[in-house]
2 protein chains.
Amino acid sequence: MVKTTIKRKTRDEILELSVPLFAKDGYDGVSMRDVAAAIGLTPAALYYHFTDKEQLYLDVMAHEFREKPSELTSVLKGLEPPWVRLEMYITKFAQLVATDKNFLRLIQWMRLDSNVARHQKLAEYVFKDIFDPVHELAAELDSRYDAHMLAMSIIALVSFPFESTIRQFMPGYRPEQEKPSVVAKHAIDLLRAGLSKPAS
Amino acid sequence: MVKTTIKRKTRDEILELSVPLFAKDGYDGVSMRDVAAAIGLTPAALYYHFTDKEQLYLDVMAHEFREKPSELTSVLKGLEPPWVRLEMYITKFAQLVATDKNFLRLIQWMRLDSNVARHQKLAEYVFKDIFDPVHELAAELDSRYDAHMLAMSIIALVSFPFESTIRQFMPGYRPEQEKPSVVAKHAIDLLRAGLSKPAS
DNA sequence: GTCTATATAAGGATAGAC
DNA sequence: GTCTATCCTTATATAGAC
């Protein structure tokens, strides 16, 4: 019982410390030597815990994405009206993405993965819990829109400002725009009201 | 005169054929051997044309992003009212992104580049021409919104559906949603009208 | 301009001692 | 469980012939 916990200690530590490495440099950009050095082990030791590099990466992803999305989802199980739930979800999502930089970068790397099987497996594992509830909500919100596209748009409005680090170099940039509250408010306002109508 | 053209032939061919390689697998995922094989040369020959791999990559990016954004921008120079220009821009942008898969993937890879100097250089080189005109337009469209955030949102609504290949595995997905016309229309509708108001 | 050959390093992975 | 030592492959890059 205790033994299992002890046994897993190193393994969990490896996973935990690997997250920022893979988030920063991606699968190809991280070597087993890099990981080993970060933990304070030799590369050989890693192969006691993981069969190969791919398995380590997969386990790192599972470790990172096990709980986070379900925390998000919990907000949507409530009985509040759709708009209230939307605002809560957007607020929480913005907070998550702003707080945990690794989370979003791992997803960005994942999206570029050319390995179709691995890509799909991760997509379903990670993104299903993020997207599905938004999709359901989108269907409730406004039947004029394609729920899939609307869900996509909601996620895009929140996550894109954090993905696009290059906007730092673009006109009108201010550091406050990185605050989750600012991003969330902008997304909510835009979704709520749209733009002022053309003077047609 | 003619000589210059002939001289540049191989070089341009290398750049042209490298684009899809770097778009698919990113900087670390492409070896000089890969590039050489794609052209039908030996790796050594590449070093006659480019000092090193980084220079090749930089030149590939410059090659890919030299003209595309300025085609987009041309739409925005017109004297039409802001809304007309917005619709034209969104339509064209969606078309570009849908047609040229390499374009977007190269940007996605760029965003994950941890090399700050290279990242910034590319960002300014590539994205300035895409973002600046949208930012100007955003300022004209609706003064209630932060122009920077609004410009970001416009780009997000159009590009995100194409970046997020994982949406293929999400509920409500239909192949038509990959058509630029569908994405553009959705973005325009959403921006124009927003969602139906909450029954508050 | 492109080749062959090769230097040099980095990376994944394993064997066997402790 | 973790180490040392090492194998094998792949990668960037260069030297010098053609």
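Below, chain A is the first sequence line, B the second, and so on; all start at residue 1.
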Inset, instruction - Kindly point out which of D:dT12, C:dT14, D:dC3 is positioned nearest to the side chain of B:Arg33? - result: D:dT12
Inset, instruction - Kindly say if A:Tyr48 contacts the phosphate of D:dG1, meaning a side-chain N or O under 4.0 Å from OP1 or OP2. - result: yes
Legend entry - Residues B:Thr10 and B:His49: side-chain donor-acceptor under 3.5 angstrom: no
Inset, instruction - Output yes when at least one side-chain N/O atom of B:Thr42 is less than 4.0 Å from OP1 or OP2 of C:dC3, else no. - result: yes
Inset, instruction - Assign the ring pair B:His148 / B:Phe131 to parallel, tilted or perpendicular, where the plane angle (0 to 90°) is split at 30° and 60°. - result: tilted
Inset, instruction - Between A:Ala44 and A:Asp34, just flag the one whose closest nucleotide in DNA chain C comes earlier from the 5' side. - result: A:Asp34
Inset, instruction - Answer yes when B:Glu71 and B:Lys92 have at least one side-chain N-carboxylate O distance shorter than 4.0 Å, and no when they do not. - result: no
Inset, instruction - Find the distance A:Lys53:NZ to D:dT9:P and express it as a whole number of Å. - result: 18 Å
Inset, instruction - Rounded off to whole Å, could you give me the CG-to-C1' distance for the A:Asp28 and D:dT10 pair? - result: 12 Å
Inset, instruction - Can you figure out which of C:dG1, C:dC3, C:dT14 approaches the side chain of B:Leu41 most closely? - result: C:dC3
Inset, instruction - Provide, to the nearest angstrom, the distance between the CD atom belonging to A:Gln55 and the P atom belonging to C:dA13. - result: 11 Å
Inset, instruction - Find out whether A:Ile107 and A:Phe65 are in side-chain contact, i.e. whether some heavy atom of one side chain is under 4.5 Å from a heavy atom of the other. - result: yes
Legend entry - Nearest-angstrom distance from the residue atom CG of A:Asp12 to P of D:dG1: 12 Å
Legend entry - SB check B:Asp189 A:Arg144 (cutoff 4.0 Å): no
Inset, instruction - Looking at every strand, decide which applies to A:Val35 at a 4.0 Å heavy-atom threshold: base, sugar-phosphate, or nothing. - result: nothing
Inset, instruction - Give the rounded distance in Å between these two atoms: CG of B:Asp52 and P of D:dA11. - result: 17 Å
Inset, instruction - Rounded to the nearest angstrom, tell me the gap between atom CZ in B:Phe50 and atom P in D:dT14. - result: 15 Å
Inset, instruction - Consider the side chain of B:His49, meaning its heavy atoms from C-beta on, and name the nucleotide among C:dT2, C:dA13, D:dA13 that approaches it most closely. - result: C:dT2
Legend entry - A:Tyr47 OH to D:dT4 P, straight-line distance once rounded to whole Å: 16 Å
Legend entry - Between D:dT2 (P) and A:Met32 (CE): distance, integer Å: 14 Å
